[in-house]
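A quick write-up on the structure given underneath.
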Protein chains: 2
Amino acid sequence: MVLSEKQKELIERIGVFHEHKGMQPLVGRIMGLLLVHDDAEATFEEIVELLGVSKSAVSNALTFLQAKDRVVYTTKPGDRKRYFKLKVNDWRAEFERDLLKIAEIKTFVDEVLEERKDKGSDFCSRMQDFSNFLEFFKQEIPSLFERFKKKYS
Amino acid sequence: MVLSEKQKELIERIGVFHEHKGMQPLVGRIMGLLLVHDDAEATFEEIVELLGVSKSAVSNALTFLQAKDRVVYTTKPGDRKRYFKLKVNDWRAEFERDLLKIAEIKTFVDEVLEERKDKGSDFCSRMQDFSNFLEFFKQEIPSLFERFKKKYS
DNA sequence: TTTTCGGTTCTCTTTTTACAGAACTAACAA
DNA sequence: TTGTTAGTTCTGTAAAAAGAGAACCGAAAA
C-alpha cells in the first residue's frame, strides 16, 4: 500500500502524542501506522518502507511494543512474513493500566505523609485529602467500566 | 535544613516516578524535595544546596514548574528570597488534567475512524467502542469528584 | 547444500537532553 | 556610587537516546 498525505500526517501526530507520553519516536509512529494502515496490519518490510527507517530501528521498536503487550503478530500459511497489528481488543485493559499508573502517585503521597513531622498542618491535610481521593479513585475504576458496559448494551 | 537518608531516598524515587511521566530528572526531584521538605517550601538557594545542582538548572526547572502551574512562590517582608512551594491545593485540578490528557487519544481514534475505508470491520467497531468509552469517561469526570466530595463530608 | 528470506544484533554516528559554569541583570543595600 | 543579593541567560559539554548500516542467524526454499 501507499500512504495518503492525510495518513502520513495522522501518523506523525499520533507519533508525537505518544512521544509526549514518554515513548520513543519510532514506537509512536509505528502505532500510528498500524492504526491508519488500510489492512490494520503491516509486515516488517512494509513498516521499514512506509516509514523510511532502518530494519534495526523497526526490530527494536517492535520488540518493545510486543513486550508492552501493545502489538502482536500473526502469520499466514505459506508465508514467512509476520503481520504485526495493534491489540485493539485490549483497549480496556490498556486504559485501566493508564488509570492505575496515574493513581500510583498515592504510594509516594502516603510515604511522604508518614515521614512528615507536621501532621496537623494544612499541607498534610491537603495531601491526606489527595490520598483519600486516590484510594476512592482506584476503587471506582471497575465500576466505571461496568457502568459503561451497562449504558451501551 | 538538612535531609535525612529517608528523605533523600524518597526524593530520588519521586524523581524517577516523574521522569517516567516524561519530566526531566531535576524537575521531578524538585517536586520530591518540596514534598518532603520540613517547611513544605524551599528557597532557590536551598534547592541548589540540598540537591547539589547548579543555579541554572534550578532556574530552568522552576520556570518550567511555574509555567505548568505546579509550583508558586511567596515572599516575606524584608526578605528578598522567594519561597517556592507545590500547589498542593490544586491536586484536584491537576489530577483532572491528567485524566483529560489520557482521554485525549480520542481525538486520534476519531480521526482514524473517519479516515478508514473499512467502516464495518471488526477493527473499526473496536475502535468505535473505545471512542464511545472515552466520551463516556470524559463525561464521568466531574461526577467522580462530586461523589468523592459527598462521601467525605 | 547452498541460497534466500525475514528478521536480529552489534557497532558506530548523529542528535538531543540535561546540566555546569560563568557572565549578566535588576533590585535593593551600604 | 558601588556593592551585594537573588536569580536569569548564554555558551559549552558530557551523557544518553535514537537510529543507521552491516554483519549475522535460523528456518525454509531451491
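Remember, predicted model here, so these are calculated numbers, not experimental data. Reminder, nothing fancy here: chain letters follow the sequence lines and each chain counts from 1.
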Could you check whether [X] gets within reach of a base, just the sugar-phosphate, or nothing at all, counting any heavy atom under 4.0 Å?
X     : value
B:K55 : base
A:V58 : nothing
B:L62 : nothing

Is there a donor on the side chain of A:R80 or the base of D:dA29 sitting less than 3.5 Å from an acceptor on the other? no
Return the nearest nucleotide to the side chain of [X]; candidates are [options].
X     : options               : value
B:V53 : D:dG19, C:dA20, D:dT8 : C:dA20
B:S56 : D:dA20, C:dT8, C:dG21 : C:dG21
A:F44 : C:dG7, D:dG19, C:dC19 : C:dG7

Got [X] and [Y] here, is their nearest side-chain heavy-atom distance under 4.5 Å?
X      : Y      : result
B:Q128 : B:C124 : no
A:V2   : A:E49  : no
B:T43  : B:Y83  : yes
B:L144 : B:F148 : no

Determine, stepwise, if the pair A:R97 / A:K68 fulfils side-chain contact (heavy atoms from CB on, under 4.5 Å). CA-CA 11 Å; A:R97 274 199 295 272; A:K68 288 266 166 183; over 6 Å; no
Starting from [atom2] on [N], measure out to [atom1] on [X] and report it in whole angstrom.
X     : N      : atom1 : atom2 : answer
A:E19 : C:dT17 : CD    : P     : 9 Å
B:Q24 : D:dA17 : CD    : C1'   : 15 Å
B:E46 : D:dT5  : CD    : P     : 17 Å
A:I30 : D:dA18 : CD1   : C1'   : 13 Å
B:Y83 : D:dG7  : OH    : P     : 9 Å
B:K81 : D:dT4  : NZ    : C1'   : 13 Å
B:E49 : D:dG7  : CD    : C1'   : 14 Å
A:L51 : D:dG19 : CG    : P     : 10 Å

B:S59 vs A:M23, nearer the 5' end of DNA chain D by closest nucleotide: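 Going by which nucleotide is closer to the 5' end, it is B:S59.
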Under-4.0 Å side-chain N/O to phosphate OP1/OP2 contact, A:R29 with D:dG19: yes
Indicate whether OP1 or OP2 belonging to D:dT5 is found under 4.0 Å from a side-chain N or O atom of B:R82. no
Intra- and inter-strand pairing of DNA chain D, written as dot-bracket with Watson-Crick and G-U pairs under 3.5 Å and | for the latter, reads ||||||||||||||||||||||||||||||
List the atom of B:A103, the atom of B:K138, and the distance in Å for their closest heavy-atom pair. CB-CG, 3.7 Å
Closest contact, heavy atoms only, B:I14 versus A:F108: CG1-CD2, 3.6 Å
Inter- and intrachain pairs under side-chain hydrogen bond (donor to acceptor under 3.5 Å, both in side chains), touching residues 25-37 of chain B, at least two apart: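 Residue pairs passing side-chain hydrogen bond (donor to acceptor under 3.5 Å, both in side chains), neighbours aside: B:H37-B:E46.
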Using the closest heavy atom to pick a nucleotide of DNA chain C for each, name whichever of B:S54 or A:N60 lands nearer the 5' end. A:N60
